[in-house]
Amino acid sequence: MDYEAIVVGGGHAGIEAALALARLGHRTLMVTQDLDAIGRMSCNPSIGGLSKGNLVREIDALGGQMGRLIDESMIQYRVLNRSRGPAVQAPRAQADKALYASLARRALESQPRLELFMDTVVDLVLDSSGTRVEGVLTERGTRIGCRALVLTTGTFMEGRLFIGDWSASGGRLGERAAVGLGDALRRRGFRLGRLKTGTPARVKAGSLDYDEMERQDGEELSPFSFADEAVVRPSLPCWITYTNARSHEAIRAGLSLSPLYRGDIKGKGPRYCPSIEDKVVRFPERERHQVFVEPEGEYTDEMYLNGLSSSLPEELQSEFIHSVPGLRRAVIARPAYAVEYDYLDPSMLYASLESKVAAGLFVAGQTNGSSGYEEAAAQGIVAGINAARSLSGERAVILSRAEAYIGVLVDDLVTLGVDEPYRMFTSRAERRLGLRHDTADARLTPIAASIGLADAARLERFERKMAGLGEIRELIAGHRIARDDISANPGLARHAGENAAAALRDPALRDCLGSLLPGLSERFPRGWIETAELDARYAGYAEKEARLAGRMERSERLRIPEGFDYGAVTGLSAEAAQRLASARPLTLGQAARVHGVRSADAALLMVTILRKTN
């Protein structure tokens with residue numbers, strides 16, 4: 001039983017990797033422990049958020065599935081940070097988690113050239129030299145051959161669950177861990193570590209007191225995918241409440257029973273998504289912490305307590321949950337728990353996400369030390385694309401930091417490595433204004449088309465949108481601020497005679513394009529108009545970012561020859577030479593971001609490379 005490619009794991013990274021490989025023409029097998037758990041949301045039943053929403057739209061623009069899945073399963077939609085600038089705004093949607101998983105499985109099962117197989121991978125099969133992957137070995141003793149392998153084990157590789165003094169092997173509560181693979185990889189020379197994450201309790205919706213909480217309704221449902229015109233789904237409310245002094249007192253009293261503070265958990269947890277016991281300890285001055293009470297879907301009575309992840313004993317969980325307004329009579333359906341798991345050091349990967357240890361092996365998702373569904377899916381589509389291109393003998397697709405949040409994510413992981421679960425933030429991107437979520441298709445659809453992941457219908461929609469945006473921009477640039485415009489909006493007086501594009505740069509003017517060009521809304525979709533207006537409003541900042549990106553791009557284009565001898569570079573510090581030899585960066589830009597490499601080292605390296613290649 002041999003395939004061109006195998007994808008190990010059916011989570012968000014595995015879904016994107018498997019679909020990309022099959023869509024690019026390669027016979028692919030997904031091996032997962034439980035076919036019924038494909039696409040399951042282990043934690044928060046939502047997709048998107050700050051910078052994460054940008055990732056989802058980039059995945060979609062590259063031909064991925066996540067945007068389509070959330071469009072078909074969302075139960076609430078909001079754009080976060082509307083009161084702030086467009087560079088830090090992002091869409092977020094609550095999902096019906098069972099429907100999302102069902103749709104994901106259906107997408108995989110209906111994809112030509114893709115097969116699913118239920119088993120647990122316990123080892124890799126390498127060639128006689130130990131430097132190229134040839135397949136996998138499963139728990140039931142099956143050897144399956146392949147020429148490319150994508151590893152996406154999530155929290156399951158040697159996973160262990162913790163609730164108080166109870167601990168058991170597992171990747172999710174009620175689901176067993178993938179035991180054996182982590183130890184096998186260690187024996188083969190891979191660097192592995194341990195990380196920790198957690199999830200809160202789920203409570204029955206009918207047991208909550210909603211009049212004690214603040215209702216949070218969503219906005220009009222809007223699609224993530226550029227392929228979808230609209231979303232027709234029911235919209236459900238979320239609720240907000242807060243912990244209090246009584247909650248914190250119960251948590252502090254039980255810290256000695258926490259596996260996290262008792263030392264049972266060795267792996268480091270996510271800094272930006274801490275457990276409630278972490279919050280209480282790290283922020284003793286805080287009188288309360290926010291809790292979002294979110295529905296898990298139409299199909300279920302369970303509600304997710306976003307902000308209350310914990311590994312405390314169940315009786316203590318019950319005590320602090322019942323101290324929170326709105327949750328005083330809550331019936332707990334599933335307890336909170338922590339999970340500790342193995343991850344591979346991502347600095348052992350190239351920017352293509354291919355292993356430096358074993359050719360043909362690609363790694364994506366939480367296996368690389370990241371956190372979040374969106375980060376996992378973004379890596380999954382990169383790994384799937386590049387595994388496919390390696391099979392076809394084509395050059396890897398590597399997105400730069402100036403092109404996409406995905407480029408920032410991958411570069412951070414493989415260049416800097418991780419010592420805690422990596423989470424994407426807008427602040428990590430140097431060119432975040434140019435990486436707005438509404439521009440993802442303009443940036444990445446041409447790449448999807450060039451590699452074969454944009455079908456005819458998507459390309460037709462894209463070309464129509466680009467043409468429409470061009471028309472809108474011409475109309476904006478051609479409209480001069482006249483007396484009638486000033487009568488309708490006195491704030492335009494200082495811009496008399498200017499074209500609308502220049503006037504829109506005035507930060508004092510907001511939402512005036514509709515009055516300047518009233519016919520636009522009848523001719524073009526609202527999203528196109530908003531994009532064109534934002535482009536005009538922030539053109540000066542974008543030009544500044546573009547100049548910076550140009551300088552970055554030149555260093556990113558300068559590739560380092562394979563097998564380059566850093567020790568032979570005269571004047572290069574010993575630390576820099578050692579770190580570069582270990583990291584094996586592909587470009588000068590990547591080399592400059594390696595820990596311990598100074599700007600002077602990068603300059604020396606550039607001179608040496610240019611001398612050798614000219």
Side-chain angles (χ1 to χ4, degrees), residues 41 43-46 49-50 75-78 80-83 92-97 163-164 173 198-219 234-255 257-258 260-261 269-270 272-298 300-338:
M41 293 180 161
C43 203
N44 198 341
S46 71
L50 301 180
I75 53 176
Q76 193 189 87
Y77 176 88
R78 296 175 63 223
L80 306 185
N81 271 356
R82 277 206 185 273
S83 62
R92 180 182 187 271
Q94 293 294 125
D96 183 315
K97 62 188 296 183
I163 306 174
L173 195 62
T199 190
R202 274 64 159 182
V203 297
K204 288 180 65 64
S207 67
L208 306 185
D209 296 312
Y210 296 97
D211 57 349
E212 296 184 6
M213 300 187 288
E214 175 189 340
R215 180 177 172 127
Q216 184 184 56
D217 289 306
E219 303 173 11
S235 184
L236 303 181
C238 296
W239 307 84
I240 299 174
T241 185
Y242 298 88
T243 61
N244 51 48
R246 184 181 154 206
S247 317
H248 301 174
E249 181 182 346
I251 291 165
R252 290 191 189 98
L255 286 177
L257 302 174
S258 165
L260 185 63
Y261 286 90
Y272 303 103
C273 188
S275 65
I276 186 61
E277 49 263 47
D278 256 349
K279 292 178 189 176
V280 169
V281 170
R282 287 164 51 186
F283 308 106
E285 73 285 357
R286 293 280 296 273
E287 295 181 356
R288 65 180 192 173
H289 293 282
Q290 196 170 52
V291 181
F292 291 93
V293 182
E294 302 167 337
E296 296 230 304
E298 295 178 274
T300 179
D301 191 40
E302 289 183 52
M303 303 287 277
Y304 178 90
L305 302 182
N306 190 350
L308 289 183
S309 66
S310 176
S311 58
L312 287 169
E314 291 183 57
E315 59 272 18
L316 280 172
Q317 291 186 35
S318 178
E319 184 177 350
F320 74 69
I321 287 172
H322 290 148
S323 71
V324 176
L327 309 180
R328 302 185 200 281
R329 298 184 297 114
V331 175
I332 299 174
R334 308 184 198 211
Y337 64 92

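None of the values given here were measured: they were computed from a predicted structure.
- Every pair passing salt bridge (charged side-chain N to carboxylate O under 4.0 Å, His left out) that includes a residue from residues 301-321 is listed here, sequence neighbours excluded: K204-D301, E302-R334.
- Looking at D96, its side chain never comes within 3.5 Å of a backbone N or O of I75 through a donor-acceptor pair.
- Looking at D209 and R329, a side-chain N of the basic residue comes within less than 4.0 Å of a carboxylate O on the acidic one, giving a salt bridge.
- N81 contributes atom CG, which lies 5.0 Å from atom CG of L50 (distance to the nearest 0.5 angstrom).
- The nearest pair of heavy atoms linking I163 to Y337 is CG1-CB, 3.5 Å.
- At most 12 non-hydrogen atoms from other residues, nucleotides or ligands lie less than 6.0 angstrom from CD of E249.
- Looking only at side-chain heavy atoms (C-beta outward), P200 and C43 come within less than 4.5 Å of each other.
- Looking at every heavy atom in both residues, I240 comes nearest to Q216 through CD1-NE2, 3.8 Å.
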>> Between L305 and V324, is the side chain to side chain contact (heavy atoms under 4.5 Å, CB included) condition met? List the steps.
In response: CA-CA 11 Å; L305 302 182; V324 176; over 6 Å; no

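- Looking only at distances, a side-chain donor or acceptor of Q317 sits under 3.5 Å from a matching main-chain atom of A336.
- Between C238 and the choices M213, Q76, E214, the side chain to side chain contact (heavy atoms under 4.5 Å, CB included) rule is met once, by Q76.
- Applying the salt bridge (charged side-chain N to carboxylate O under 4.0 Å, His left out) test to pairs two or more places apart or on separate chains, those with a residue in residues 285-297 are R92-E294, K97-E296, R202-E296.
- In terms of heavy atoms, I321 sits closest to A330 at CG2-CB, 4.3 Å.
- Residues satisfying the ring pair (Phe, Tyr, Trp, His ring centres under 6.0 Å) criterion with Y210, sequence neighbours excluded, are W239.
- Side-chain contact between T243 and L308 is present, with heavy atoms from C-beta onward closer than 4.5 Å.
- Closest of all the heavy-atom pairs between K279 and G307 is NZ-O, 3.0 Å.
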> When you look at S235 and D217, which way does the side chain to side chain contact (heavy atoms under 4.5 Å, CB included) test go after all the steps?
Replying inline: CA-CA 8 Å; S235 184; D217 289 306; over 6 Å; no

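- The shortest distance between side-chain heavy atoms of N44 and F292 does not fall below 4.5 Å.
- For the pair G198 and S309, the tightest heavy-atom approach, listed with the atom from each and the gap, is C-CB, 4.1 Å.
- With hydrogens and angles ignored, the 3.5 Å screen pairs a side-chain donor or acceptor of S207 with a backbone N or O of V331.
- Closest heavy-atom contact between E212 and G326: OE1-N, 2.8 Å.
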>> side chain to side chain contact (heavy atoms under 4.5 Å, CB included) for S46 and Y304? Distances and angles first, verdict last.
In response: CA-CA 10 Å; S46 71; Y304 178 90; over 6 Å; no

